[in-house]
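So that the names make sense, note that chain A is the first sequence line, chain B the second, and so on, each numbered from 1.
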Amino acid sequence: MNFIVAGAVKAVKELYGQDIAEDVINLQETRKEFEGQVTIVVFPVVRFSKKSPEETGNDIGTFLQQNVAEVVGFNVVKGFLNLSIAESYWVNLFNDTLLASDFLMAKPNGQKVMVEYSSPNTNKPLHLGHVRNNLLGYSVSELLKADGYEVIKTNLVNDRGIHICKSMLAWQKWGNGETPESTGLKGDKLVGNYYVVFDKEYKKEINALVADGQTEEEAKKNAPLIKEAQQMLLQWEQGDAAVVGLWEKMNGWVYSGFDVTYKKLGVDFDKYYYESNTYLLGKDTIEEGLAKGVFFKKEDGSVWIDLTADGLDQKLVLRSDGTSVYITQDLGTAQMKYDDFKMDKSIYVVGNEQDYHFKVLFLILEKLGKSWAKGLYHLSYGMVDLPSGKMKSREGTVVDADDLIAEMVDTAKQKTEELGKTNDFTEAEKTELYDTIGLGALKYFLLKVEPKKRLLFDPAESIDFQGNTGPFIQYTHARIKSLLSRAAYQFAQADYANIQLTSTELDMIMLLAKYPTEISNAAKAYSPAFIANYLYEVAKLFNKFYHEVPPIIKEEDTAVKQHRLNICKITADVIKSGMTILGIRVPERM
RNA sequence: GCCUCCAUAGCUCAGCUGGAUAGAGCACCGGUUUUCUAAACCGUAGGUCACAGGUUCGAAUCCUGUUGGGGGUACCA
């Protein structure tokens with residue numbers, strides 16, 4: 001649409017003798033109720049024309065109609081100049097751009113980006129909050145690929161620390177040698193159970209101590225169990241063979257459990273980092289910061305940074321005993337990741353409870369003069385809340401990832417069987433279809449919401465399969481595919497000599513043409529939700545088109561038939577491409 | 001206390017680089033199947049865009065304040 005902007009700039013020059021910048025010409029789609037396809041908002045031009053909005057609109061409209069071949073008509077409503085663009089323009093756009101073989105291909109931009117997501121603790125199974133993280137991380141990775149980046153997906157596994165020692169200790173004390181094999185439980189579930197056991201027993205001890213007259217705070221510190229867990233962590237750090245052995249065994253269980261969930265979710269990683277390897281990193285960075293005067297040392301030996309000038313607080317970066325805190329290792333890990341990959345950008349997909357942490361982290365790296373610090377971005381997303389409030393693993397008020405997935409697949413199965421759509425499917429085809437639909441519904445449900453917004457999930461109300469949902473879009477795709485195969489579709493450009501586009505067809509072409517722009521906007525905002533909402537519009541408009549036109553298969557005019565099948569084909573391609581970005585598979589039939 | 005994010009229909013969400021009469025889905029009510037898949041389509045109803053000011057030709061959108069809610073503010077991660 002650049003030619004319209006250029007034409008309008010020229011119009012202002014010739015009509016009013018004024019040079020204006022291109023951004024004065026504000027283009028938008030013409031609203032449905034008015035004639036035309038493209039609208040120029042004339043208010044910003046008024047101060048150059050020194051005429052009323054209506055007169056200005058008429059002047060420019062007349063000029064464009066006379067001087068720009070594609071502009072075949074115009075009307076002015078209040079301050080809005082609505083332009084009618086020649087049908088041949090849209091037909092050419094459709095044939096030359098949308099039907100071109102590279103329409104859906106990513107154009108490499110030569111940049112490398114790392115996306116870190118998932119990053120689970122290895123002491124408990126994944127829940128709905130983690131599911132949101134995983135789907136977001138995966139989808140943003142796909143989105144950035146589609147926008148031309150080379151993407152490295154990483155998972156920084158939080159595999160050490162007091163939380164794992166809690167599970168280990170509880171298993172040692174009360175586990176009776178249980179294993180995933182002996183119980184039939186997934187490894188992460190088994191380990192998670194002992195995390196809950198620990199918490200229960202710990203609370204008992206606290207209550208007993210409080211009854212003995214200690215304050216709750218004291219009791220929390222003095223309970224024998226927590227002391228034992230801390231002792232275990234110390235032994236782990238010293239490399240105690242028995243503790244490390246147990247740690248490896250239980251982490252192994254958890255990993256095999258996670259692998260099952262990851263596979264089910266369809267997410268993967270190019271590179272794993274383990275905190276057990278990175279937790280000592282960052283001390284070099286502390287030295288570097290001290291030398292550069294970015295950090296300062298207090299009398300007790302602790303190291304700090306003063307960020308009060310930046311509107312933040314003083315922040316501890318190294319304990320007085322010389323050991324690391326959270327941010328110490330994150331500083332070191334950031335350096336290591338950069339050294340490993342030299343990426344242009346690095347995205348951290350982490351919940352919004354850590355907004356402050358990342359703000360500080362990035363600011364410190366900038367102050368240390370790291371050239372790559374400006375490429376760091378915290379993709380902060382809102383928590384998933386239940387009607388009862390926040391999910392808490394320790395208290396068992398979580399929606400378990402595996403359970404939820406199983407439930408969704410089961411619902412998909414039920415609904416599909418009710419509709420009697422899979423009577424001629426093989427068992428394998430059925431299994432795959434139910435999986436595709438169930439996960440499609442779940443993923444779309446989570447991804448259609450803007451990442452930073454918190455999300456309410458009510459387990460009592462099942463996720464919809466109708467309306468603005470994954471299955472609706474999947475259905476639209478399946479319907480098109482079946483139509484194309486029944487029509488024995490062959491790709492070819494249609495002959496438009498005698499074709500008059502319907503207004504819905506015109507709308508379809510305009511909407512489909514926006515796909516590449518949608519991708520780049522979504523990528524800039526790191527928001528798969530843009531894609532989800534766009535795909536919904538595409539599917540909705542297609543269904544309208546589908547109902548409006550007579551059966552395409554029976555169409556006798558071969559040019560019209562080819563043209564409509566082409567629209568179907570591009571629609572299916574765009575849906576498939578967009579859904580792939582969301583990590584959602586689309587069935588050929590359903 | 002301070003910092004930060006959020007507030008749009010009964011519910012779940014779009015719309016936010018300022019543009020025309022604020023849009024969807026669900027739920028509710030009504031209609032469409034001898035024609036390519038009714039997980040679809042068409043229609044009715046539903047709004048003080050939390051509140052109050054300000055900037056502007058024009059504000060759901062930008063600014064300030066207020067209210068309500070989430071999160072953060074640890075020598076935890």
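Using a 4.0 Å heavy-atom distance criterion, Phe34(A) is classed as a base contact. As judged by a 4.0 angstrom heavy-atom cut-off over every strand, Leu455(A) is placed among residues touching the sugar-phosphate backbone only. Residue Arg454(A) is in sugar-phosphate contact alone, with no base atom involved, counting any heavy-atom pair closer than 4.0 Å across all strands shown. Residue Glu450(A) is in sugar-phosphate contact alone, with no base atom involved, counting any heavy-atom pair closer than 4.0 Å across all strands shown. As judged by a 4.0 angstrom heavy-atom cut-off over every strand, Val549(A) is placed among the base-contacting residues. Heavy atoms of Pro44(A) sit under 4.0 angstrom from at least one base atom. Nucleic acid contact class of Ala487(A) (heavy atoms, under 4.0 Å, all strands): none. Glu275(A) comes within 4.0 angstrom of sugar-phosphate atoms only, judged by non-hydrogen atoms across all strands, and of no base. At the heavy-atom level, Ser380(A) lies nowhere under 4.0 Å from the strands shown. Among the atoms of the strands shown, only primed sugar atoms or phosphate atoms (P, OP1, OP2) are found under 4.0 Å from some heavy atom of Tyr356(A). Heavy atoms of Val41(A) sit under 4.0 angstrom from at least one base atom. Using a 4.0 Å heavy-atom cutoff across all strands shown, Met383(A) reaches no nucleic acid atom at all. As judged by a 4.0 angstrom heavy-atom cut-off over every strand, Ile162(A) is placed among residues making no nucleic acid contact.
Not less than 6.0 angstrom separates the ring centroid of His378(A) from the ring centroid of Phe362(A). For Phe198(A) and Tyr195(A), the distance between ring centers is not under 6.0 angstrom.
Contact check, Arg31(A) against A20(B): a side-chain N or O comes under 4.0 Å of OP1 or OP2. The phosphate of A38(B) has OP1 or OP2 within less than 4.0 Å of a side-chain N or O from Arg479(A). Distances shown here put every side-chain N or O of Lys540(A) at or beyond 4.0 Å from the OP1 or OP2 atom of A24(B). The side chain of Lys359(A) places no N or O atom within less than 4.0 Å of a non-bridging phosphate oxygen (OP1 or OP2) of G72(B). For A20(B), neither phosphate oxygen OP1 nor OP2 lies less than 4.0 angstrom from any side-chain nitrogen or oxygen of Lys32(A).
In this structure, Lys337(A) satisfies the cation-pi test against Tyr348(A), with its NZ or CZ atom closer than 6.0 Å to the six-membered ring centre and inside 45 degrees of the ring normal. No cation-pi contact links Arg132(A) to Tyr381(A), judged by a cut-off of 6.0 Å to the six-membered ring centre and 45° from its axis.
Spacing between C3(B) and C42(B) at atom P, rounded to whole Å, works out to 49 Å. Using C1' as the reference atom, C28(B) and G70(B) are 32 Å apart when rounded to the nearest Å. To the nearest whole angstrom, the two P atoms, one in A22(B) and one in U64(B), are 27 Å apart.
Judged by distance alone, with hydrogens and angles left aside, the side-chain atoms of Asp159(A) form a donor-acceptor pair with the main-chain N or O of Ser276(A) at under 3.5 Å.
Between Thr476(A) and Lys452(A), the one whose closest nucleotide on RNA chain B sits nearer the 5' end is Lys452(A). Each of Asn26(A) and His357(A) was assigned the nucleotide of RNA chain B with the nearest heavy atom; the assignment lying further toward the 5' end belongs to Asn26(A).
Under the stacking criterion of a centre-to-centre distance below 5.5 angstrom and an interplanar angle below 30°, Phe43(A) sits stacked against the six-membered ring of G19(B). Stacking between Tyr546(A) and A40(B) is absent: the aromatic ring centre is not both under 5.5 angstrom from the base six-membered ring centre and within 30 degrees in plane angle.
Nearest to the side-chain atoms of Phe472(A) among the listed nucleotides U12(B), A40(B), C6(B) stands A40(B). If you check C36(B), A40(B), C75(B) against the side chain of Leu316(A), the one that comes closest is C75(B).
Under the 30°/60° scheme for interplanar angles, the aromatic rings of Tyr279(A) and Trp236(A) are found to be tilted. The aromatic rings of Tyr272(A) and Tyr274(A) sit parallel, their planes meeting at an angle under 30°, below the 60° perpendicular limit.
A donor and an acceptor atom sit less than 3.5 Å apart, one in the side chain of Thr416(A) and one in the base of A39(B). Side chain Asn82(A) to base A20(B): a donor-acceptor pair is found below 3.5 Å.
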